[in-house]
Undergrad: 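Right, I'll just put the structure down here and ask away after.
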Amino acid sequence: MEYTKDFKERDELIRQLEVRGLAVPNAADALNFLIRVGYFRSGAYRYVFRQLLSPDEVDERKREYRQDEYIPGASFEHVMKLEAFDFKLARVCLEGLLDFEVRVRAAIAHTLAAKNVAAHVSREYLDEQICDQPSGDRTKFEAWLETCRDAVRSGGEDEDFIAHHLLKYPHQAVPIWAVTEVLSFGKLPFLFDLMQTSDAREVARMFGFVHPRPFGAVLRMMVDLRNVCAHGSRLFNRAFKRSMSLRSHETQGDLLNHLLEPGFTATPKPNQRLYIYAAALAFMLRSHSSGSGWHMTFKTQVRKLDIKLLAPDGTQLVCPEGNMGFPTDWQSLELWK
């Protein structure tokens, strides 16, 4: 099939939206919005306001579920309001993720350094069985060493503490507490996976997890959430690629027990939605000895979602419980108090 969509100027696109049933109360505001975010990106927020295709018109293979026409009452102001909410929501999530990232770096560095300042580059202090597992045409340990060398090489160009060590101690590995400062957040899970079980468990328990395996999985999910937020991608109704699956007794206390209940939310794909990711982040920050009030900041932002428009079936078109994986009683849960 050939792609046939032609370029259109912004005012043409606005007129096209009006023809398709999207009210544009203020054309100047709509134009400025498209100049700021772009027509294609705005589609992520217009999509939910489009009418659904009938069941016999849906094409699962092509992922075609909606018409070009908009539901009655839909307005460009709804689109702008939703984008503004989502933008702020991502900033709030990034605030919590940055706090979590710093704490994880410190936890891993301290735990490994207690064994040896260069434990991160010695199989003796890591899980040798996991180190020897294949990763492409090499072992996981060899792949990790390359990642570590790249981080140190790049850090030496930007960070004085790395350059200082390389010049003063050229034949000694950069200490773990320095390496964790120049590793990207996305690389931390690889180091965590190589840690011996006792060490990994020590780190996991700092964040409320009893076992390292589920914590390692959640750590990767936090990387995914961070990337979506940092790149300005749509967040509010996203289904993330990784599904979070918690079992009883994997976490300390009962703050996440509501996630174990079947049908804890009406949103499809509940284990891949923002709520379960944010719930895990709030839990880990609160479980840490330093505590956190991030969960209240997140709660405040979510409560600001106020798109008063009903779907054709009479339900609220955009709401945390319908689009974001939130339980109906989420505000009364102890996790968010």
Undergrad: Can you run down the ring pair (Phe, Tyr, Trp, His ring centres under 6.0 Å) pairs that involve residues 13-37, sequence neighbours left out, and say none if there aren't any?
TA: Phe33-Phe76

Undergrad: Nearest heavy-atom pair of Leu285 and Gly96: which atoms, and what distance?
TA: CD1-O, 3.8 Å

Undergrad: Using the rule given for salt bridge (charged side-chain N to carboxylate O under 4.0 Å, His left out), can you reason through Arg149 versus Glu146, listing the C-alpha separation, both sets of side-chain angles and the distance that settles it, and then say yes or no?
TA: CA-CA 5 Å; Arg149 285 192 294 266; Glu146 182 176 348; 5.3 Å; no

Undergrad: Considering residues at least two apart in sequence or located in another chain, which fulfil the salt bridge (charged side-chain N to carboxylate O under 4.0 Å, His left out) criterion with Asp29?
TA: none

Undergrad: Is there a donor-acceptor contact under 3.5 Å from the side chain of Arg238 to the main chain of Val228?
TA: no

Undergrad: Examine distances only and state if a side-chain atom of Gln67 and a backbone atom of Gln51 form a donor-acceptor pair shorter than 3.5 Å.
TA: no

Undergrad: What's the spacing between Leu281 CG and Phe100 CZ if we round to 0.5 Å?
TA: 7.0 Å

Undergrad: Does this structure show an ion pair linking Asp99 with Arg103, if we count only N-O contacts that are shorter than 4.0 Å?
TA: yes

Undergrad: With hydrophobic residues grouped by side-chain heavy-atom distances under 4.5 Å, do Tyr125 and Phe141 end up in a single group?
TA: no

Undergrad: Could you tell me whether the side chain of His110 and the main chain of Ala107 form a donor-acceptor pair under 3.5 Å?
TA: no

Undergrad: Side-chain donor-acceptor pair under 3.5 Å between Arg201 and Thr197, yes or no?
TA: no

Undergrad: For Glu83 versus Val37, what's the shortest heavy-atom pair and its separation?
TA: OE2-CG1, 3.9 Å

Undergrad: Considering only residues two or more places apart or on different chains, which pairs with a residue in residues 254-274 satisfy ring pair (Phe, Tyr, Trp, His ring centres under 6.0 Å)?
TA: His258-Tyr275

Undergrad: Say you draw a straight line from CD of Glu77 to CG of Asn26; how long is it, rounded to the nearest 0.5 Å?
TA: 7.5 Å

Undergrad: Minimum heavy-atom separation for Tyr45 to Arg41, with atom names?
TA: OH-NH2, 3.6 Å

Undergrad: Evaluate the side-chain hydrogen bond (donor to acceptor under 3.5 Å, both in side chains) criterion for residues Arg91 and Gln301: first the C-alpha distance (whole Å), next the side-chain angles of each, then the deciding distance (0.1 Å), finally the verdict.
TA: CA-CA 10 Å; Arg91 304 286 80 73; Gln301 175 58 22; over 6 Å; no

Undergrad: Same cluster or not: Ile35 versus Met80, using hydrophobic residues (I, L, V, M, F, W, Y) connected whenever any side-chain heavy atoms lie under 4.5 Å apart?
TA: yes

Undergrad: Who are the ring pair (Phe, Tyr, Trp, His ring centres under 6.0 Å) partners of Phe215, not counting sequence neighbours?
TA: Phe192, Phe207, Phe209

Undergrad: May I ask you to decide whether Arg15 forms a salt bridge with Glu9, counting only side-chain N to carboxylate O separations under 4.0 Å?
TA: no

Undergrad: With a 3.5 Å distance limit and no angle check, can you tell me whether Lys81 reaches the backbone of Asp306 through a side-chain donor-acceptor pair?
TA: yes

Undergrad: Are any of the side-chain heavy atoms of Leu183 and Arg105 separated by less than 4.5 Å?
TA: yes

Undergrad: Hey, is Arg123 close enough to Asp132 for a salt bridge, meaning N to O under 4.0 Å?
TA: yes

Undergrad: Taking the six-membered ring of Tyr47, is the NZ or CZ of Arg66 close enough (under 6.0 Å from the centre) and on axis enough (within 45°)?
TA: yes

Undergrad: Just to verify, what does Phe87 make a ring pair (Phe, Tyr, Trp, His ring centres under 6.0 Å) with, not counting sequence neighbours?
TA: none

Undergrad: Can you tell me if Thr147 uses its side chain to pair, donor with acceptor, with the backbone of Ala143 under 3.5 Å?
TA: yes

Undergrad: I want to check something: taking the side chain as every heavy atom from C-beta on, are Tyr277 and Leu235 in contact at a cut-off of under 4.5 Å?
TA: no

Undergrad: Return each pair, listed once, that meets ring pair (Phe, Tyr, Trp, His ring centres under 6.0 Å) where at least one residue sits in residues 293-323; pairs must be two or more places apart or across chains.
TA: Trp294-Phe298, Phe298-Trp336

Undergrad: Is there a path of hydrophobic side-chain contacts, each under 4.5 Å between heavy atoms of I/L/V/M/F/W/Y residues, joining Ile130 to Phe190?
TA: no

Undergrad: Which word best sums up how the rings of Tyr169 and His165 line up, parallel for under 30°, tilted for 30 to 60°, or perpendicular for over 60°?
TA: tilted

Undergrad: Could you tell me if the side chain of Ile276 sits less than 4.5 Å from the side chain of Pro270, heavy atoms only?
TA: no

Undergrad: Answer yes if the side chains of Gln196 and Lys115 hold a donor-acceptor pair under 3.5 Å, and no otherwise.
TA: yes

Undergrad: Following the transitive rule for hydrophobic clusters with a side-chain heavy-atom cut-off under 4.5 Å over Ile, Leu, Val, Met, Phe, Trp and Tyr, establish whether Leu260 and Met284 coincide in one cluster.
TA: yes

